[in-house]
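Data first, discussion second: the structure below is written as structure tokens.
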Amino acid sequence: MRQRIAVYPGSFDPITNGHLDILMRGLELVDVVIVAVAHNIEKRALFSVEERKELIRESVNGNENVIVDSFEGLLVDYVKKVNARFVIRGLRAMSDFEYEFQMASMNRNLNKDMDTIFMMTSKDYFFISSRTIKEVAGFGGCVADFVPPIVEKRLKEKFSIK
Ligand code: PNS
């Protein structure tokens, strides 16, 4: 039987426990999840794409159903290229919905063979975003509850915090 493949795209700058929660729950729906880091030219990133991929790899601890990759250009083209049927996105709050709805609708118009699966973020993580994590860590605040240990370590290194 054909493997059910989903792409979990995002900036992942850096990956958080909220992302990991969505990823693990996504793995219960499909056989393989490809975590795809977007080369997003509009956003100024703290970590390079290679660094972000490395952090994701270390955070998923060699789970063989997770593939870590990156993509440039349109998500729909990447989804086609890797033969995926689904895109997974997490929804934290109503404020995420409009943007996500637009993106999913546009993507579905561009590629009728794919669907976006939305998963509600767990209550423990609904207030987490990579942006707020970077802000808190940048000012020396503790983010240990919100990111994998390797990410906490790398954030401290980036911001030169002892
Ligand atoms: O983690 P993010 O920044 O919310 O992820 C956004 C991402 C990377 C999923 C989105 O910007 C994207 O898919 N970019 C690729 C370009 C694309 O396909 N754009 C069309 C969307 S309508």
Side-chain angles (χ1 to χ4, degrees), residues 4-27 29-30 32-60 63 66-138 143 145-148 150-152 154-155 158:
R4 291 162 79 84
I5 304 172
V7 171
Y8 181 24
S11 304
F12 302 106
D13 183 40
I15 189 162
T16 67
N17 288 346
H19 291 129
L20 282 177
D21 170 61
I22 297 290
L23 170 60
M24 292 309 154
R25 285 159 57 202
L27 279 170
L29 302 175
V30 296
V32 174
V33 175
I34 303 174
V35 184
V37 178
H39 284 263
N40 199 336
I41 34 170
E42 280 167 28
K43 285 193 183 176
R44 280 193 47 201
L46 177 65
F47 294 96
S48 70
V49 169
E50 275 318 307
E51 285 174 321
R52 285 181 258 166
K53 282 166 67 176
E54 195 52 44
L55 289 175
I56 298 167
R57 269 192 218 104
E58 298 218 20
S59 304
V60 299
N63 185 320
V66 178
I67 294 169
V68 183
D69 196 9
S70 55
F71 73 102
E72 271 176 277
L74 285 179
L75 176 62
V76 286
D77 292 338
Y78 177 76
V79 167
K80 243 183 225 158
K81 189 182 99 182
V82 296
N83 276 319
R85 170 76 179 82
F86 305 104
V87 165
I88 295 175
R89 292 286 286 171
L91 280 181
R92 281 166 304 200
M94 280 302 285
S95 51
D96 281 346
F97 181 77
E98 194 163 337
Y99 167 63
E100 293 294 338
F101 180 71
Q102 272 183 13
M103 204 160 65
S105 306
M106 176 57 86
N107 285 341
R108 180 124 174 100
N109 266 276
L110 294 171
N111 178 4
K112 295 270 181 297
D113 297 327
M114 64 163 263
D115 262 297
T116 303
I117 303 173
F118 290 109
M119 302 187 82
M120 298 302 296
T121 303
S122 302
K123 65 173 177 28
D124 296 337
Y125 303 126
F126 74 92
F127 55 91
I128 298 179
S129 71
S130 299
R131 188 178 60 78
T132 53
I133 292 291
K134 283 180 282 191
E135 186 157 331
V136 172
V143 293
D145 287 344
F146 313 131
V147 294
I150 183 69
V151 173
E152 188 197 8
R154 291 282 182 277
L155 280 167
K158 279 270 177 206

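Read the numbers this way: they start at 1 and go in the same order the structure lists the ligands and their atoms. Remember, it's a predicted structure, so these values are computed and weren't measured experimentally.
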Quiz prompt | Subset of ligand 1 atoms that lie under 4.0 Å from at least one heavy atom of Leu75 | solution = 13 (O), 17 (C), 18 (O)
Quiz prompt | Within reach of ligand 1, part of Tyr99 (heavy-atom separation under 4.0 Å) | solution = side chain
Exercise. For the pair Asp77 and Lys81, evaluate salt bridge (charged side-chain N to carboxylate O under 4.0 Å, His left out) and give the outcome as yes or no after the intermediate values.
Key: CA-CA 6 Å; Asp77 292 338; Lys81 189 182 99 182; over 6 Å; no
Practice problem: For Met106, take its heavy atoms, then give the atoms of ligand 1 lying under 4.0 Å from any of them. | Solution: 22 (S)
Practice problem: Assess whether salt bridge (charged side-chain N to carboxylate O under 4.0 Å, His left out) is satisfied between Arg85 and Asp113, documenting all intermediate values. | Solution: CA-CA 7 Å; Arg85 170 76 179 82; Asp113 297 327; over 6 Å; no
Practice problem: With sequence neighbours excluded, give me every ring-ring contact (aromatic ring centres under 6.0 Å, His included) pair touching residues 91-117. | Solution: Phe97-Phe101
Practice problem: Going by heavy-atom distance to atom 8 (C) of ligand 1, choose the closest among Ala38, Ala45, Ser130. | Solution: Ala38
Quiz item: In terms of atom number and element, which parts of ligand 1 are under 4.0 angstrom from non-hydrogen atoms of Gly73?
Solution: 15 (C), 16 (C)
Quiz item: Does ligand 1 have an atom under 4.0 Å from some heavy atom of Phe71?
Solution: yes
Exercise. Pick, from Leu74, Val7, Asn107, Asn40, the option with the minimum heavy-atom distance to atom 17 (C) of ligand 1.
Key: Leu74
Quiz item: Does ligand 1 have an atom under 4.0 Å from some heavy atom of Gln102?
Solution: no
Quiz item: Ser11 to ligand 1: N or O pair under 3.5 Å?
Solution: yes
Self-check item: N/O separation below 3.5 Å, Met103 to ligand 1
Solution: no
